[in-house]
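Worth knowing before you read on, the calculation uses all heavy atoms, side chains too, and leaves out hydrogens, waters and symmetry mates. Small disclaimer: the values here were computed from a predicted structure and weren't measured. A note on names: the letters A, B, ... follow the listed sequences, proteins ahead of strands, and every chain is numbered from 1.
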There are 2 protein chains.
Amino acid sequence: MCEGLRARGFRLTPQRLAIVHLFSRDGSHPTAHDLFARLRPAFPTMSFATVYNTLDALAQAGLSSSLRLGALSGLAAATRFDPNTEPHHHAVCDRCGVVVDLPVDSLAAPQVDARKVRTQSQGFRVRTVETIYRGTCAGCRSRPSLPPLPNVTPEA
Amino acid sequence: MCEGLRARGFRLTPQRLAIVHLFSRDGSHPTAHDLFARLRPAFPTMSFATVYNTLDALAQAGLSSSLRLGALSGLAAATRFDPNTEPHHHAVCDRCGVVVDLPVDSLAAPQVDARKVRTQSQGFRVRTVETIYRGTCAGCRSRPSLPPLPNVTPEA
DNA sequence: ATGAGTGCAAATGCTTTGCATCCTG
DNA sequence: CAGGATGCAAAGCATTTGCACTCAT
């Protein structure tokens with residue numbers, strides 16, 4: 001992932017290396033705050049600007065994408081970031097907020113070649129397709145009642 | 001739509017009637033600010049709280065849904081609201097931000113019964129499916145270069 | 001009349017920005 | 001050693017909330 005940044009002309013600072021190291025192995029779709037919180041111990045002077053800046057650099061290099069899933073209750077909806085560059089869907093748990101990646105063939109309705117489809121009556125040229133499945137994850141289903149629901153990002 | 005609100009026990013105030021009247025005929029997926037701006041001339045004292053409150057009431061009555069599509073550039077991503085309660089997809093133009101509804105059968109990949117599918121390895125029980133096609137709309141494709149791109153909500 | 005709804009303003013939370021300083025390439 | 005990157009704090013926005021007042025039912 002670092003090579004990708006370097007190839008694009010981005011400088012590899014210690015902060016970026018740390019962010020990339022953490023983010024690239026993180027399948028939890030962390031928010032900028034999540035990453036920031038985990039980096040602060042090692043980089044007490046780290047700022048949000050740097051986290052966002054690096055995430056943006058990764059996006060420019062095609063090494064990450066962002067997800068806006070909306071809030072669960074009245075909380076503000078933070079952008080979540082995803083290092084998975086393979087085509088995939090997302091499943092979001094309504095209760096605990098966990099987000100899991102789904103390979104494109106794991107459901108009955110694959111998104112296949114819709115990318116090139118030009119939607120008939122509207123003249124749209126489609127470039128990307130994004131499918132979100134909302135429901136309840138296994139953990140929350142087996143749990144008796146709905147727990148207090150902390151601030152997203154479970155099983156961190 | 002008003003009946004739906006009344007049936008749910010919501011009071012029909014002049015403000016709500018105006019919001020519902022405007023919103024129910026609006027296929028542009030307006031933001032709260034869009035509606036507010038169009039209502040202010042007739043209701044100089046209208047507040048955002050009332051707009052959000054009414055949109056929330058409509059959502060509770062199952063008469064509208066919300067869309068979080070993310071910002072086009074660095075702007076904050078406003079929630080867009082949709083009075084269309086039929087199952088449908090959304091196509092979003094990367095350039096001008098326009099959002100159009102797509103009937104479920106207008107593309108090769110229908111979302112059909114995925115609602116009841118339990119995604120294999122993850123144990124998720126899926127309740128809703130949401131598909132977003134991103135690309136370029138007919139108008140922007142025919143336009144020579146990329147125009148300055150004002151603050152979303154084109155052809156209002 | 002009674003409590004849901006309204007309006008206002010302040011608060012909240014995420015994200016961006018300006019600018020002086022730092023440090024990678 | 002030049003310009004991209006960082007850190008800090010303040011600014012921006014969308015959205016929510018508290019509270020006193022109003023009005024639909």
Side-chain angles (χ1 to χ4, degrees), chain A residues 2-3 5-20 29-37 39-40 42-61 66-81 97 150-153, chain B residues 2-3 5-20 29-37 39-40 42-61 66-81 97 150-153:
Chain A
C2 292
E3 303 71 47
L5 282 185
R6 172 176 282 135
R8 280 274 183 155
F10 291 106
R11 294 186 180 174
L12 298 183
T13 65
Q15 293 88 339
R16 284 193 175 163
L17 289 173
I19 294 170
V20 168
H29 308 79
T31 64
H33 280 74
D34 292 336
L35 294 171
F36 177 79
L39 290 162
R40 185 143 53 173
F43 294 82
T45 66
M46 173 84 64
S47 75
F48 277 109
T50 298
V51 177
Y52 281 111
N53 172 13
T54 300
L55 256 3
D56 188 59
L58 288 172
Q60 282 181 49
S66 59
L67 280 167
R68 295 194 143 269
L69 301 172
L72 284 180
S73 58
L75 294 108
T79 302
R80 310 187 66 145
F81 298 89
N151 218 341
V152 192
T153 315
Chain B
C2 293
E3 302 71 49
L5 282 186
R6 172 175 283 136
R8 281 272 183 156
F10 290 107
R11 294 186 180 175
L12 297 183
T13 65
Q15 293 88 338
R16 285 194 174 163
L17 288 173
I19 294 170
V20 168
H29 307 79
T31 64
H33 279 75
D34 292 336
L35 294 171
F36 177 79
L39 290 162
R40 183 143 56 172
F43 294 81
T45 67
M46 173 85 62
S47 76
F48 277 109
T50 298
V51 177
Y52 281 111
N53 172 14
T54 300
L55 257 2
D56 187 58
L58 288 171
Q60 283 181 48
S66 62
L67 281 166
R68 295 194 142 269
L69 302 170
L72 285 178
S73 57
L75 293 106
T79 301
R80 308 187 67 145
F81 298 88
N151 219 341
V152 192
T153 314

Looking at [X] and [Y], what are the two nearest heavy atoms and their distance?
{"X": "A:Leu5", "Y": "A:Ala61", "answer": "CD2-CB, 4.3 Å"}
{"X": "B:Arg68", "Y": "A:Leu69", "answer": "CD-C, 4.4 Å"}
{"X": "B:Phe81", "Y": "B:Ala32", "answer": "CE1-N, 4.0 Å"}
{"X": "B:Ile19", "Y": "B:Val51", "answer": "CD1-CA, 3.9 Å"}
{"X": "A:Phe43", "Y": "A:Ala18", "answer": "CE1-CB, 3.4 Å"}

To the nearest angstrom, how far is [X] atom [atom1] from [N] atom [atom2]?
{"X": "A:Asp56", "N": "C:dT17", "atom1": "CG", "atom2": "C1'", "result": "13 Å"}
{"X": "B:Leu5", "N": "D:dT25", "atom1": "CG", "atom2": "C1'", "result": "15 Å"}
{"X": "A:Arg6", "N": "D:dA5", "atom1": "CZ", "atom2": "P", "result": "13 Å"}
{"X": "B:Phe36", "N": "D:dT15", "atom1": "CZ", "atom2": "C1'", "result": "13 Å"}
{"X": "B:Asp34", "N": "D:dC13", "atom1": "CG", "atom2": "C1'", "result": "14 Å"}
{"X": "A:Arg68", "N": "D:dT15", "atom1": "CZ", "atom2": "C1'", "result": "13 Å"}

Got a sec, which residues hit ring-ring contact (aromatic ring centres under 6.0 Å, His included) with A:Phe36, two or more places apart in sequence or on another chain?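 So A:Phe36 forms a ring-ring contact (aromatic ring centres under 6.0 Å, His included) with A:Phe48.
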So, is B:His33 close to the D:dA14 phosphate, meaning a side-chain N or O under 4.0 Å from OP1 or OP2?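 So the side-chain polar atoms of B:His33 do come within 4.0 Å of the phosphate oxygens OP1 or OP2 of D:dA14, strictly under.
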Please tell me if A:Tyr52 has a side-chain N or O lying less than 4.0 Å from either OP1 or OP2 of C:dT16. no
Residues two or more places apart in sequence or in another chain: which of them pass side-chain hydrogen bond (donor to acceptor under 3.5 Å, both in side chains) with A:Ser66?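 Not a single residue meets the side-chain hydrogen bond (donor to acceptor under 3.5 Å, both in side chains) criterion with A:Ser66.
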Are A:Leu35 and A:Leu55 close enough that some pair of their side-chain heavy atoms sits under 4.5 Å apart?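 Heavy-atom side-chain distance check passes, below 4.5 Å.
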Between B:Leu12 and B:Phe81, who's closer to the 5' end of DNA chain D by nearest nucleotide?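 Upstream on the strand: B:Phe81.
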To the nearest 10 degrees, what angle separates the axes at the start and end of the helix from C:dA1-D:dT25 to C:dG25-D:dC1, five pairs each?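 The two end axes of the helix from C:dA1-D:dT25 to C:dG25-D:dC1 meet at 40°.
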What string of B, S and - do you get for nucleotides 1-8 of chain C 5' to 3' if you count protein non-hydrogen atoms under 4.0 Å? --BBSSBB
Under 3.5 Å, which donor-acceptor pairs link side chains of residues 10-17 of chain A to any protein atom two or more places apart or in another chain?
residue, atom, partner, partner atom, Å
A:Thr13, OG1, A:Gln15, OE1, 3.4
A:Thr13, OG1, A:Arg16, N, 3.2
A:Arg16, NH1, A:Arg11, O, 3.1
A:Arg16, NH2, A:Asn53, OD1, 3.3

